[in-house]
Amino acid sequence: MTLEKLTYPDARYFSSLMEDYLVEKDNLKNLYHRFPVLENFQDQIEEKQIEFKQKPKTRKVLIESLLNQYSKLDNVQESLSNIRLLKEENTFTITTGHQLNLFTGPLYFLYKIISVINLCKQLKEAYPSYDFIPVYWMATEDHDFEEIQYFKYHGKKVVWNKESNGGVGRLNTDGLKEVLDIFKGQIGTSKNALEIIKLFKTAYLDHDNLASATRFLAHQLFGKEGLVIVDGDDHGLKSLMTPHFKEELLDQTSYHKVTNTITNWPDAYNVQVSPREINLFYLNDNLRERIVFENNQYKVVDTKIVFSEKEILTELEQFPERFSPNVIMRPLYQEAILPNLCYIGGGGEMAYWLELKEYFDSQEITFPILLMRNSALILANKEFEKVQKLDLEIKDLFLKDFQLEEKLTRQLSEIKIDFSTQKKHLKNQFKDLYTLAQKTESSFERAVAAQERKQIKGLENLEKRLLKAQKRKLKDFLQRANILQQELFPNASLQERQENFSSLYVEYGSNLIKILKENLDPLDLRFSVIILDS
């Protein structure tokens with residue numbers, strides 16, 4: 001096995017906002033609290049410890065809710081041990097979150113959770129007097145079923161066709177036997193394939209809803225590491241948020257604070273999300289709709305549900321689980337109930353978290369350290385051998401297809417496809433003409449300049465024609481490079497965003513997760529390329 005590292009600009013698939021965040025550009029420093037380096041965690045620990053000492057009830061309710069959520073899951077000793085550790089003032093969490101994608105969805109689901117597991121181990125080594133618990137926050141209240149109803153196995157979609165309303169965590173698992181039958185026909189009957197089929201079957205056919213199925217699946221993959229899986233769709237946990245939800249309903253604080261942040265947002269970057277005046281949904285079985293304030297009433301959009309101010313505050317007090325935070329408020333919910341030090345997420349997530357610091361400050365909740373999850377490209381050794389035969393570097397694979405073709409053509413051509421010498425010679429010839437032109441009228445000088453531009457343009461066009469001719473000559477060779485690039489970057493996207501972990505598990509079995517844990521370093525802010533022995 002071989003490990004190579006690339007900078008994120010070389011990896012090319014990441015936004016300028018994330019590239020600049022990772023090198024601590026000055027124009028972003030007011031948008032976060034502490035940068036993700038090991039030495040900054042001591043101050044983060046001390047600040048979060050002070051915050052949680054001021055709300056002693058929180059740890060107690062958190063533990064009670066988590067023990068209840070784990071009550072129907074077997075073989076959870078490591079996770080239960082970590083849950084009980086949460087009662088101690090010197091115990092903190094490192095958290096990631098993810099949608100309830102069918103069968104984990106894209107490969108980076110694994111990278112997220114391995115990032116939190118590995119960071120907890122690194123922190124324990126650096127700060128041995130504290131304990132650090134890896135947490136996966138399930139996005140059970142999301143209602144965008146279309147985003148999660150499929151995964152890709154070797155480029156082919158495996159789709160769960162079903163009608164869905166409300167939070168996806170409550171969605172029953174009817175129809176997944178048919179999905180399994182289709183998947184069986186694709187994955188084959190090898191030992192590793194049968195393990196995958198068994199995992200899918202037990203997760204989805206033996207559990208009633210998507211939340212419990214996803215918890216089981218994530219636990220099977222990472223439970224031995226003590227991963228604690230949190231379902232925020234919970235009465236006890238929501239009860240801890242009632243003061244913040246009440247303020248949101250009455251004062252719309254998140255709207256004002258986040259709007260102020262994005263009004264002053266750096267011009268170089270796009271705004272990821274924009275707040276609504278009330279950033280809460282009303283949640284019930286088969287229902288998750290926005291709450292709006294109109295004509296002195298609180299209304300649930302696209303329903304007949306209406307509350308007066310007194311009625312909605314009574315509803316909140318009695319049924320806090322019916323109030324569901326959107327993308328603006330969900331991070332606050334997480335950080336308010338967890339003794340969390342660091343949130344690990346993808347580039348899109350980091351982008352909207354960077355909008356939230358002013359809002360967090362207004363709520364007196366410590367803003368977490370924001371860490372980009374590990375990203376990786378996994379190559380089989382036979383694929384790496386193809387790279388070597390093409391005389392390419394690993395980073396060349398990340399070029400756009402036309403850039404890769406041009407680089408290879410210039411590299412392999414027996415004719416030098418570079419007219420810079422000719423251009424330099426031409427410019428030197430025109431120097432004499434400019435000297436002559438300065439002794440006559442300005443119109444002649446303009447004519448010389450126009451002729452120079454014309455001839456330089458002519459050389460550039462000849463260079464392009466020569467490049468095109470050499471591409472035709474090297475067509476077979478370039479085609480092999482394009483096929484390899486398409487295999488490693490399906491749909492011109494990163495492997496981790498397209499393929500499901502099962503595509504690699506069939507080849508490498510449970511050793512896949514072991515390899516990832518050994519090679520992904522969350523505090524190494526570079527892109528990993530892992531070359532595996534076949």
Side-chain angles (χ1 to χ4, degrees), residues 65-76 78-80 83 96-110 112-113 134-153 157-184 186-187 193-234 237 283 285-286 288 321 324 499-503 505 510 513:
S65 289
L66 290 175
L67 289 175
N68 182 58
Q69 289 182 19
Y70 270 80
S71 62
K72 295 181 180 179
L73 205 59
D74 296 327
N75 301 315
V76 292
E78 294 84 359
S79 298
L80 290 180
I83 290 170
T96 192
H98 195 63
Q99 295 171 295
L100 304 192
N101 294 72
L102 183 62
F103 209 46
T104 77
L107 180 59
Y108 68 73
F109 173 84
L110 269 62
K112 278 185 166 185
I113 294 181
V135 168
Y136 160 44
W137 183 289
M138 296 192 296
T140 54
E141 296 176 55
D142 279 4
H143 58 265
D144 295 322
F145 180 66
E146 292 79 10
E147 293 183 4
I148 69 164
Q149 68 178 138
Y150 68 92
F151 64 93
K152 290 183 179 179
Y153 179 75
K157 273 190 175 183
V158 180
V159 184
W160 181 18
N161 292 309
K162 186 180 180 69
E163 293 293 322
S164 172
N165 296 296
V168 295
R170 302 184 184 191
L171 190 63
N172 68 55
T173 53
D174 293 348
L176 280 167
K177 183 183 183 304
E178 290 77 8
V179 176
L180 176 61
D181 290 340
I182 292 169
F183 189 32
K184 280 181 181 178
Q186 296 178 0
I187 198 170
L194 293 176
E195 286 181 13
I196 286 289
I197 291 299
K198 181 180 178 182
L199 181 59
F200 187 104
K201 179 179 181 296
T202 311
Y204 293 106
L205 274 57
D206 294 353
H207 292 86
D208 295 333
N209 60 48
L210 194 54
S212 58
T214 304
R215 179 186 286 110
F216 173 85
L217 178 56
H219 180 74
Q220 288 300 111
L221 293 172
F222 298 107
K224 293 300 179 184
E225 299 288 346
L227 181 70
V228 173
I229 302 161
V230 179
D231 181 356
D233 188 3
D234 182 282
L237 298 180
L283 178 70
D285 289 339
N286 301 313
R288 188 180 188 244
E321 68 275 13
S324 175
E499 282 296 328
N500 181 258
F501 81 98
S502 58
S503 301
Y505 196 99
S510 58
I513 292 176

Taking every non-hydrogen atom, the tightest pair across [X] and [Y]:
| X | Y | answer |
| --- | --- | --- |
| Gly175 | Trp160 | C-NE1, 3.9 Å |
| Ile148 | Leu100 | CD1-O, 3.5 Å |
| Lys162 | Leu171 | CE-CD1, 3.6 Å |
| Ser324 | Arg288 | OG-NE, 2.9 Å |
| Ile229 | His219 | CD1-N, 3.7 Å |
| Leu227 | Ser79 | O-OG, 2.7 Å |

Using only atom types and a distance under 3.5 Å, with no angle test, would you say the side chain of [X] pairs donor to acceptor with the backbone of [Y]?
| X | Y | value |
| --- | --- | --- |
| Asp231 | Asp233 | yes |
| Thr173 | Tyr204 | yes |
| Lys112 | Gly97 | yes |
| Gln186 | Tyr153 | no |
| Ser212 | Asn209 | yes |
| Asp234 | Leu237 | yes |

So Asn101 and Phe109, side chain to side chain contact (heavy atoms under 4.5 Å, CB included) or not? Walk me through it. CA-CA 9 Å; Asn101 294 72; Phe109 173 84; over 6 Å; no
So how far is it from [X] [atom1] to [Y] [atom2], rounded to the nearest 0.5 Å?
| X | Y | atom1 | atom2 | answer |
| --- | --- | --- | --- | --- |
| Asp208 | Lys72 | CG | NZ | 8.0 Å |
| Ile187 | Ile182 | CD1 | CD1 | 14.0 Å |
| Ser502 | Leu107 | OG | CG | 9.5 Å |
| Ile113 | Thr104 | CD1 | OG1 | 8.5 Å |
| Leu217 | Phe200 | CG | CZ | 9.5 Å |
| Lys201 | Asp181 | NZ | CG | 11.0 Å |

Tell me, yes or no, whether the heavy-atom count around Lys177 atom NZ, taken from other residues, nucleotides or ligands under 6.0 Å, exceeds 12. no
Asp144 atom CG, over 12 foreign heavy atoms within 6.0 Å: yes
Taking the inter-plane angle between the rings of [X] and [Y] on a 0 to 90° scale, is it parallel (under 30°), tilted (30 to 60°) or perpendicular (over 60°)?
| X | Y | value |
| --- | --- | --- |
| His98 | Tyr108 | perpendicular |
| Phe183 | Phe151 | perpendicular |
| Phe501 | Phe103 | tilted |

So if I apply the side-chain contact (heavy atoms from CB on, under 4.5 Å) rule between Arg215 and each of Met138, Gln220, His207, which one comes out positive? Met138
Apply side chain to side chain contact (heavy atoms under 4.5 Å, CB included) to residues Val159 and Gln149 and explain how you reach the verdict. CA-CA 6 Å; Val159 184; Gln149 68 178 138; 4.1 Å; yes
Going through the checks in order, is the side chain to side chain contact (heavy atoms under 4.5 Å, CB included) test met by Thr140 and Thr214? CA-CA 9 Å; Thr140 54; Thr214 304; over 6 Å; no
So Leu110 and Phe222, do their side chains get closer than 4.5 Å, heavy atoms only? yes
Side-chain contact test, heavy atoms from C-beta onward, threshold under 4.5 Å: evaluate it for Leu283 versus Arg170 and give yes or no. yes
